[in-house]
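Taking it in order: structure first as structure tokens, then the write-up.
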Number of protein chains: 2
Amino acid sequence: MPQKNTDSSTKKAKVKVKANSLPQVTAVEQVDTTYLQTLLGYNARRAALTIIEGFLARMAEFGLKPVDFSVMSVIHHNPGVTSRQLCSALNLLPPNLVGLVQSLEARGLIHRLPHPTDGRATGLHPTPDGAALMQQAEQAATDLEIERSARLSAAQRKTLLDLLQKIYL
Amino acid sequence: MPQKNTDSSTKKAKVKVKANSLPQVTAVEQVDTTYLQTLLGYNARRAALTIIEGFLARMAEFGLKPVDFSVMSVIHHNPGVTSRQLCSALNLLPPNLVGLVQSLEARGLIHRLPHPTDGRATGLHPTPDGAALMQQAEQAATDLEIERSARLSAAQRKTLLDLLQKIYL
DNA sequence: TATTGTTATACTCTATAACTATA
DNA sequence: TATAGTTATAGAGTATAACAATA
């Protein structure tokens with residue numbers, strides 16, 4: 001849960017203080033961020049952080065942070081997936097996945113089985129507990145989606161998903 | 001610049017290997033991420049990271065990382081803005097802004113003047129060098145926007161900005 | 001008493017290099 | 001030789017508590 005700020009107004013307004021004080025030294029009344037708001041990266045990052053803040057709170061009940069959730073979700077929908085495949089699909093680095101997988105295994109949410117054809121690889125499978133947890137967690141995530149996009153119509157929400165995917169896919 | 005992956009396909013396909021091997025142990029051929037792709041947070045985060053990766057590369061020339069850029073941009077468009085106002089506008093925490101402002105000042109891009117009415121506060125102002133740098137940097141950022149959204153029409157790009165702002169504003 | 005800016009610090013996330021076992 | 005998984009570790013980003021100066 002990152003910063004909590006209330007003031008994000010964007011209306012531009014300056015006011016000169018003390019007519020004969022230091023030259024040009026004025027106080028800023030309302031911070032103008034209109035330029036940044038024209039940039040996709042700025043808006044996407046701010047939106048992502050806002051959504052993830054709510055996601056973190058909602059998923060605490062399941063002991064899943066965003067990356068844990070996405071890893072478990074991919075394993076849930078792709079039993080037998082390898083670490084390397086997970087890294088490619090989710091844009092993670094292998095060293096950072098190791099501890100994650102170990103902790104999921106220690107919690108009894110997944111187990112690891114030898115890969116049927118590649119002796120170097122290991123298949124990741126959800127345990128019954130893991131599958132049950134993810135069924136609940138994905139339902140909660142989907143519920144949260146609906147609340148989160150309360151200010152968007154269903155069509156707008158679909159449009160937003162499509163446009164975002166055009167950026168990163 | 002985060003991870004660079006090539007495989008992000010989503011077509012679902014499994015293949016059973018060795019008809020009489022261990023029960024249920026199959027290899028995953030194509031990783032299915034369709035569920036995650038229905039979540040705003042996942043898509044916003046992936047899109048933001050993709051955009052920021054390109055932004056980092058382009059802005060290296062100016063020695064500006066995304067947060068440096070946004071801080072400089074706000075100072076540029078709001079000379080005299082205080083640290084507290086910057087934190088509110090950009091959702092930063094005060095302790096994390098201190099070092100940032102110090103390094104921008106050390107580089108001669110901004111200078112700090114006493115606030116005209118509040119003795120506790122300090123106004124942040126761009127130097128001529130800082131203003132000149134930001135004029136170039138913002139032009140480069142805007143150019144990058146256009147390249148980045150090559151797969152989007154101008155109308156789609158505007159729609160995307162508006163929808164993202166509905167999420168976090 | 002509340003707020004601005006700061007210090008110190010801890011925690012998390014992300015990244016790189018190098019090793020092993022197998023292909 | 002190349003790839004899957006791992007280890008160790010460094011660096012960046014983000015968080016909280018507490019303090020001095022001013023309102």
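The basis for the numbers below is simple: all heavy atoms, side chains too, and nothing from hydrogens, waters or symmetry mates. Chain naming here is simple, since letters A, B, ... match the order of the sequence lines and numbering starts at 1 in each.
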Original post:
Given side chains that start at C-beta, do those of B:E145 and A:T38 come closer than 4.5 Å, heavy atoms only?
Top reply: no
**OP:** Without swapping roles, check the side chain of A:R107 against the backbone of A:G63 for a donor-acceptor pair under 3.5 Å.
**Re:** yes
Original post:
Expressed in angstrom and rounded to an integer, what is the separation of B:I110 atom CD1 from C:dG5 atom P?
Top reply: 12 Å
Subject >> d(CG, B:D68; P, D:dT14) in whole Å >> reply: 11 Å
Original post:
Does B:N43 offer a backbone N or O that forms a donor-acceptor pair with the side chain of B:Q37 under 3.5 Å?
Top reply: no
Original post:
Can you tell me how far C1' of C:dG5 sits from CZ of B:R112, to the nearest Å?
Top reply: 8 Å
Original post:
Counting side-chain heavy atoms from CB outward, which of D:dG5, D:dT6, C:dG5 is closest to B:S83?
Top reply: C:dG5
**OP:** Would you tell me if any nitrogen or oxygen in the side chain of A:K65 comes within less than 4.0 Å of OP1 or OP2 on C:dT12?
**Re:** no
Original post:
Of all residues at least two apart in sequence or in a different chain, which pass the side-chain contact (heavy atoms from CB on, under 4.5 Å) check with A:K65?
Top reply: A:L56, A:D68
Original post:
Got a sec, which residues hit ring pair (Phe, Tyr, Trp, His ring centres under 6.0 Å) with B:Y35, two or more places apart in sequence or on another chain?
Top reply: A:H77
Original post:
What is the distance from CG of B:N96 to P of C:dC13, rounded to the nearest Å?
Top reply: 15 Å
Original post:
Which listed nucleotide (C:dT4, C:dA15, D:dG5) is nearest to the side chain of B:R84?
Top reply: C:dT4
Subject >> Interatomic distance where CG belongs to B:L56 and P belongs to D:dG11 [whole Å] >> reply: 17 Å
Original post:
For B:L100 and C:dT6, what is the distance between atoms CG and P respectively, to the nearest whole Å?
Top reply: 12 Å
Original post:
Distance from B:R84 atom CZ to B:T122 atom OG1, nearest 0.5 Å?
Top reply: 14.0 Å
Original post:
Can you tell me if A:S153 uses its side chain to pair, donor with acceptor, with the backbone of A:Q156 under 3.5 Å?
Top reply: yes
**OP:** Summarise how protein sits on nucleotides 17-23 of chain D as a single string, 5' to 3': B when a protein heavy atom is under 4.0 Å from the base, S for sugar-phosphate-only contact, - for no contact.
**Re:** B----BS
Original post:
Just to confirm, is there a sub-4.0 Å distance from OP1 or OP2 of D:dG5 to any side-chain nitrogen or oxygen of A:Q85?
Top reply: no
Subject >> Protein-nucleotide distance (B:L92, atom CG; D:dA12, atom P), rounded to Å >> reply: 18 Å
Original post:
For DNA chain D, whose closest nucleotide is more 5', that of B:P66 or that of A:V101?
Top reply: A:V101
Original post:
Separation of B:L49 atom CG from C:dC13 atom C1', in whole Å?
Top reply: 11 Å
